[in-house]
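Below is one structure, written out as structure tokens, with a few remarks after it.
Chain A is the first sequence line, chain B the second, and so forth, proteins listed ahead of strands; every chain is numbered from 1.
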There are 2 protein chains.
Amino acid sequence: MGSADYVYPSTNVERAPRVVIPPPQSSMKSLKYNLKETFFPDDPLRQFKNQTTSRRFVLGLKYFFPIFDWAPSYTLDFLKSDFIAGITIASLAIPQGISYAKLANLPPILGLYSSFIPPLVYAMMGSSRDLAVGTVAVASLLTASMLGNVVNANENPKLYLHLAFTATFVAGVFQASLGLLRLGFIVDFLSHATIIGFMAGAATVVIMQQLKGILGLNHFTHSTDLVSVMRSVFTQTHQWRWESAVLGFGFLFFLLTTRYFSKRKPKYFWVSAMAPLTSVILGSLLVYLTHAEKHGVQVCYSSTSRLPPSSPNSSASYVLPRGLVDPTTQSPWTLIASPEWSLWIGNLKKGLNPLSFTDLVFVSPYLTTAIKTGIITGVIALAEGIAVGRSFAMFKNYHIDGNKEMIAFGTMNIVGSCTSCYLTTGPFSRSAVNYNAGCKTAVSNVVMALAVMVTLLFLTPLFHYTPLVVLSSIIISAMLGLLDYEAAIHLWTVDKFDFIVCISAYAGVVFASVEIGLVIAVAISLLRLLLFVARPKTFILGNIPNSMIYRNVEQYLNTSSVPGVLILEIDAPIYFANSGYLRERIARWVDDEEDKLKSSGETSLQYVIINMGAVGNIDTSGISMLEEVKKVMDRRGLKLVLANPGAEVMKKLNKSKFIEKIGQEWIHLTVGEAVEACDFMLHRCSPSPLKEESEAYNKV
Amino acid sequence: MGSADYVYPSTNVERAPRVVIPPPQSSMKSLKYNLKETFFPDDPLRQFKNQTTSRRFVLGLKYFFPIFDWAPSYTLDFLKSDFIAGITIASLAIPQGISYAKLANLPPILGLYSSFIPPLVYAMMGSSRDLAVGTVAVASLLTASMLGNVVNANENPKLYLHLAFTATFVAGVFQASLGLLRLGFIVDFLSHATIIGFMAGAATVVIMQQLKGILGLNHFTHSTDLVSVMRSVFTQTHQWRWESAVLGFGFLFFLLTTRYFSKRKPKYFWVSAMAPLTSVILGSLLVYLTHAEKHGVQVCYSSTSRLPPSSPNSSASYVLPRGLVDPTTQSPWTLIASPEWSLWIGNLKKGLNPLSFTDLVFVSPYLTTAIKTGIITGVIALAEGIAVGRSFAMFKNYHIDGNKEMIAFGTMNIVGSCTSCYLTTGPFSRSAVNYNAGCKTAVSNVVMALAVMVTLLFLTPLFHYTPLVVLSSIIISAMLGLLDYEAAIHLWTVDKFDFIVCISAYAGVVFASVEIGLVIAVAISLLRLLLFVARPKTFILGNIPNSMIYRNVEQYLNTSSVPGVLILEIDAPIYFANSGYLRERIARWVDDEEDKLKSSGETSLQYVIINMGAVGNIDTSGISMLEEVKKVMDRRGLKLVLANPGAEVMKKLNKSKFIEKIGQEWIHLTVGEAVEACDFMLHRCSPSPLKEESEAYNKV
């Protein structure tokens with residue numbers, strides 16, 4: 001294929017530039033290329049190219065510990081902004097931490113522990129400057145529901161706790177290995193629509209769970225679906241406690257109004273940020289002063305008690321059961337062994353995270369549950385954390401490496417699981433506050449961690465009297481933000497199918513369970529991809545007046561068809577999954593066209609041009625389909641012409657000798673040229689109306 | 001968008017034909033369209049359009065019973081050819097039937113039964129003129145291995161038999177419902193490559209199983225994988241019987257030579273067609289005369305005995321065990337209850353198919369196994385039958401409706417399961433013989449059925465002495481035809497990935513099990529589809545000299561780049577699964593380009609054109625990806641330009657307001673015009689080199 005072919009432009013067939021077969025490439029090389037595209041699309045190693053070994057080491061260190069990258073250039077102004085942001089998110093982190101821990105049926109103090117160590121780890125390894133690390137409602141709920149299926153947190157709190165740690169550990173290992181194995185794209189299979197529906201569903205479920213706290217109920221269903229929750233709520237209307245309900249709705253109103261206010265006036269972001277802590281303090285004081293815990297307002301320390309809170313025992317949680325040594329001298333978790341001590345869990349004792357790697361269980365009948373929980377919660381957490389990190393990186397225009405983030409999250413959770421923390425990630429609400437508070441770097445996380453540390457060391461007893469109902473209203477107000485109905489409406493207007501995915505995810509979560517909802521949504525999304533490939537769009541092309549351009553006649557209504565020529569376009573790769581369909585469909589297009597011509601008595605059909613421009617790839621089934629189509633066309637006295645096959649396709653058509661069968665001269669670079677060629681044959685070189693047109697057009 | 005826009009050709013931006021948003025379409029209508037494309041791609045109802053009711057009824061009858069279509073025009077010449085073909089395939093059907101029945105651990109006579117009723121059904125309902133109906137090796141083997149897992153055919157033959165009937169019934173129902181529900185495309189997901197590998201693997205397994213017969217072994221492993229078969233063969237070398245081995249290889253040699261001969265001289269097709277029957281007769285005579293059954297040559301009637309065939313009892317199968325009534329007066333299958341009677345199964349008694357619908361079991365602990373077996377074997381049978389029918393229809397240029405065929409196969413198997421037949425389909429080997437024998441219509445199947453009937457009525461006793469070893473050699477010679485190494489080589493040369501699929505299917509079947517092999521192959525095939533969508537090809541376009549055409553620079557080496565403009569093409573729909581990747585990849589393309597320009601010191605990059613021509617569809621994740629890309633470009637001082645988005649894409653970009661964001665004037669009909677527009681902006685209306693070029697070209 002010498003350049004001679006190109007000297008003259010395409011006014012007749014022979015001298016038109018031809019479709020070339022791409023230069024042969026060793027399969028080794030193409031394999032390498034494909035592997036790179038699959039696992040290193042963002043080319044993280046580009047910076048390492050032609051560097052000295054020592055430099056490479058430094059770069060590698062900076063790659064895994066971005067802190068070395070930004071720390072040197074850290075300034076005092078940064079510290080100021082980060083300090084403010086840190087304090088702000090701490091004031092949010094403490095109440096939220098306690099609330100979510102309760103949501104996960106774990107000792108509230110775990111929520112504080114989880115806001116101390118993990119943020120420090122992330123500050124070193126994370127590449128986002130706006131992410132605020134902490135526990136999230138959805139993951140907490142998932143932990144509760146999945147572990148709750150096999151172990152009752154009240155009857156066997158120790159085992160439950162250990163399983164929670166183990167699940168966190170598994171999640172961390174899973175996240176880190178996804179990052180290390182460059183499998184980050186697995187998270188991409190949770191589509192935007194799926195996540196919206198899923199999150200909204202989870203939020204709904206969480207809110208329903210809070211009815212327990214708001215209504216001050218002692219007994220509540222362990223299943224999360226709408227039906228059983230409603231049954232459990234309305235079968236014990238006589239148990240409803242108006243005191244706690246009033247308190248709850250009062251605080252909820254307070255929280256929502258502050259949120260609304262801050263939304264209206266962004267510079268007062270701190271109002272809504274401080275609101276939760278304020279309500280916790282107010283609530284605790286209220287209880288302390290009025291002894292409301294005696295009147296059906298459950299408070300933290302007795303929350304996991306299986307005795308009604310109004311019973312005298314419940315307030316006796318400070319008296320040690322006879323025959324047991326002073327708990328403070330032992331690992332706090334070993335004490336939870338006996339049911340009596342489950343009273344004690346609620347208790348928030350002073351002190352920093354105790355080590356817990358000895359509590360990880362790998363030889364338990366429940367190990368599989370722990371692993372399953374870990375993997376599912378891990379993926380959800382990743383999806384949220386990375387989405388959040390990316391969106392804020394967008395605003396501030398810096399890049400986030402998904403796989404690198406996964407390693408950071410993974411390490412964070414592995415370390416966390418060994419220091420009495422459960423699953424943490426970058427929750428949206430908290431990161432948004434962090435961003436609005438004007439954080440500059442991950443130092444805001446460090447400040448938050450220090451603030452939490454101070455709380456752990458000195459202030460925990462203050463939370464003894466925190467009423468559950470306040471925590472419930474904090475959770476509810478946070479969850480209401482996740483019910484993103486506007487996004488759902490947007491999906492409906494733009495893409496009906498995505499809307500279906502979203503709704504089914506929501507319904508699945510609300511009516512069945514969180515896991516089922518997730519599975520349904522992912523399955524539907526994948527089904528859609530498969531259907532796209534299995535049923536590709538095919539359409540007729542027409543000529544756009546005064547041009548040599550051919551486009552979809554359904555899109556461009558003023559196109560004109562070319563007498564005797566049918567022009568088709570296939571809009572997807574030709575694979576085994578659709579080759580059968582395409583065979584049928586092409587035949588049908590031809591039939592329809594011939595019927596139309598017959599009825600209108602026009603010149604009969606003689607050429608069928610297939611525009612392969614959009615056919616990204618073809619496999620052997622596809623090729624044999626083309627061969628069949630060719631045979632059929634020949635038998636019907638029609639000539640098959642191909643236009644603009646891509647590199648991959650040409651390569652394979654050549655290898656399979658199809659090009660020889662159809663004839664190189666019947667493969668054209670553009671539809672225009674293909675039409676010209678057919679036209680040329682039809683009118684035996686007499687200039688066709690079409691050509692005149694195009695010349696007229698060229699005159700301009 | 002009036003036609004005014006089109007009056008003037010594209011010499012500058014303003015007057016260029018614009019990309020239009022397709023006319024709005026009610027979502028109801030598009031849903032209807034999609035459903036039609038998904039389930040009625042071949043538009044089977046077109047013939048019913050504007051017809052009278054009575055006419056419609058006739059057409060409907062002809063649709064479901066094609067016999068009414070061709071019977072009226074049936075001629076004597078047709079009968080002649082069909083008769084010859086029918087007799088030929090009968091002579092093949094009888095020995096093959098017996099052999100495959102034994103392969104399925106079923107009474108040999110079932111093979112004959114299955115060649116009598118089903119062909120008659122197919123003759124009425126099938127639309128293929130060349131298909132010869134009968135049992136197939138692979139399905140038989142699958143039945144044996146899957147049912148064998150739960151029931152031992154020797155210890156509990158009656159249950160085993162009933163499960164086989166039930167599985168056949170299930171397969172029939174499944175096939176028919178696939179056809180009725182228009183879900184035929186499910187079969188398409190078994191790609192060509194998968195089938196080749198799978199068939200070859202199954203053939204290998206079947207051949208290995210025949211070692212039992214060839215070597216005259218009594219005890220043989222029930223598992224089908226290479227390792228355990230080889231162990232079972234070589235652990236009992238002392239059991240090998242040289243007599244049967246000699247006999248086996250002798251007949252095998254005979255069969256292969258005849259086959260080779262017929263391949264060389266197609267007009268002597270009957271030689272190889274008759275060979276199997278000849279060897280059966282020869283073999284039986286030999287045994288009858290030499291009483292070889294006493295010397296380690298197992299024969300049909302004692303084959304399922306668990307006593308060594310040389311033992312005196314085995315030949316006593318005609319003497320009824322005491323205390324039992326004459327079997328002939330009862331349903332033959334009720335007799336198989338007691339183990340003694342398992343001797344009796346081997347026996348081929350005269351008479352036509354006994355009814356067996358009373359033997360279908362639907363309340364058995366093994367029902368699930370029967371259902372699983374039915375569905376898997378049913379799909380495999382469909383895949384083979386339809387592929388065969390289609391390929392012969394190709395030769396003779398008539399159309400086959402996949403879904404209609406499925407209904408035919410389904411009914412055939414439902415009826416079969418009620419008349420003591422097991423799974424039947426259109427085996428390739430037999431249909432090829434039928435085709436070569438010059439069959440004209442499905443009447444050849446009727447002739448075959450009648451021939452088999454005669455055999456059943458009068459000749460069955462002749463098969464008593466048929467040595468198993470002959471059946472084994474018949475099976476082997478048939479299976480060798482399925483080891484299609486040439487096809488595998490073709491796959492390797494054309495498409496490495498298909499080759500991998502093929503090989504993994506083969507390996508899976510040979511080393512693990514038939515089901516596993518199938519699952520592996522389908523999984524890999526689907527994974528490929530997903531990977532295609534998850535990692536679409538993106539490449540740079542360059543200008544083909546003296547034209548306004550832009551193509552892949554890797555395919556067309558003589559293209560020239562446009563200064564200051566980067567032209568990208570995306571080669572797949574933009575979906576949630578790949579939007580993350582594309583974001584990264586586009587950014588990387590831009591980085592690379594800018595690095596290149598910096599190093600070479602050319603004019604800096606100013607425009608990035610993305611050719612959307614090959615983007616068939618886009619979902620909300622994809623759109624938000626585009627929005628992000630736009631933001632990034634803006635920040636980098638680059639202008640994003642789109643070229644030729646399709647109807648679907650335009651519709652969604654419009655609904656999501658992206659068009660407003662990017663500006664209608666930055667969406668062009670062709671890459672050429674997009675480049676012109678950028679160029680125009682770059683050189684402030686001064687005619688660009690490019691334009692001169694293109695005018696020079698237009699002058700011609």
Side-chain angles (χ1 to χ4, degrees), chain A residues 3 6 9 11 17 20 22 27 37-38 41-43 185 188-189 191-193 394 397 491 493-496 498 529 532-535 537 544-547 549 552 554-556 558 571-573 576-577 580-581 584-585 588 613-614 616 619-621 628 635 647 652 655-656 669-670 697-698 700, chain B residues 3 6 9 11 17 20 22 27 37-38 41-43 185 188-189 191-193 394 397 491 493-496 498 529 532-535 537 544-547 549 552 554-556 558 571-573 576-577 580-581 584-585 588 613-614 616 619-621 628 635 647 652 655-656 669-670 697-698 700:
Chain A
S3 66
Y6 297 100
T11 45
V20 297
S27 47
E37 287 308 312
T38 311
D42 53 349
D43 195 9
F185 63 84
D188 296 346
F189 280 94
S191 70
H192 182 55
M394 277 297 303
N397 182 23
L491 290 180
T493 49
V494 176
D495 189 332
K496 301 275 179 296
D498 272 352
L529 293 189
F532 170 85
V533 179
R535 291 289 183 264
K537 283 254 182 323
I544 287 180
N546 314 321
S547 78
I549 304 167
N552 182 353
E554 284 158 20
Q555 183 179 7
Y556 300 87
N558 65 332
D571 225 3
F576 63 90
Y581 164 75
E584 304 278 355
R585 197 65 186 85
R588 207 171 110 214
D619 71 352
T620 48
S621 312
E628 286 183 31
R635 221 179 283 106
K652 287 180 183 164
K655 280 181 188 156
S656 61
L669 194 59
T670 67
Y697 142 55
N698 298 340
V700 182
Chain B
S3 66
Y6 296 99
T11 47
V20 297
S27 46
E37 286 309 311
T38 311
D42 52 349
D43 194 10
F185 64 84
D188 296 346
F189 279 93
S191 71
H192 182 55
M394 277 297 304
N397 182 25
L491 289 180
T493 50
V494 177
D495 188 333
K496 301 277 177 295
D498 272 351
L529 293 189
F532 170 84
V533 180
R535 290 290 184 264
K537 282 255 186 320
I544 287 180
N546 314 321
S547 78
I549 304 166
N552 182 353
E554 284 161 18
Q555 183 179 7
Y556 299 88
N558 65 331
D571 225 3
F576 62 90
Y581 164 76
E584 304 278 353
R585 196 65 185 87
R588 205 172 110 212
D619 71 354
T620 48
S621 312
E628 285 183 32
R635 222 177 286 105
K652 288 182 182 164
K655 280 180 187 157
S656 61
L669 194 60
T670 66
Y697 143 56
N698 297 343
V700 183

- request: Please determine, among B:Glu628, B:Arg635, B:Lys496, the option with the most heavy-atom pairs under 4.5 Å with chain A.
  value: B:Arg635

message: I'd like to know which of B:Asp571, B:Leu491, B:Val533, B:Asp498 tops the heavy-atom pair count under 4.5 Å against chain A.
response: B:Asp498

Side chain, backbone, both or neither: which part of [X] has an atom under 4.5 Å from a heavy atom of chain A?
| X | answer |
| --- | --- |
| B:Asp619 | both |
| B:Thr493 | backbone |
| B:Val494 | both |

message: To the closest 0.5 Å, what do you measure between CG (B:Leu529) and CZ (A:Phe532)?
response: 11.0 Å

field: Candidate list A:Arg535, A:Lys537, A:Arg585, test side-chain hydrogen bond (donor to acceptor under 3.5 Å, both in side chains), partner B:Glu37, passing option
entry: A:Arg585

task: Identify which of A:Lys655, A:Gln555, A:Glu554 forms the greatest number of heavy-atom pairs closer than 4.5 Å to chain B.
output: A:Gln555

message: Please identify, among A:Gly613, A:Pro573, A:Gly580, the residue contributing the most non-hydrogen atom pairs under 4.5 Å to chain B.
response: A:Pro573

field: Where A:Asn552 and B:Ala647 come nearest, the two heavy atoms and their spacing
entry: ND2-CB, 4.0 Å

Side chain, backbone, both or neither of A:Ala577 within contact of chain B (heavy atoms, under 4.5 Å): both

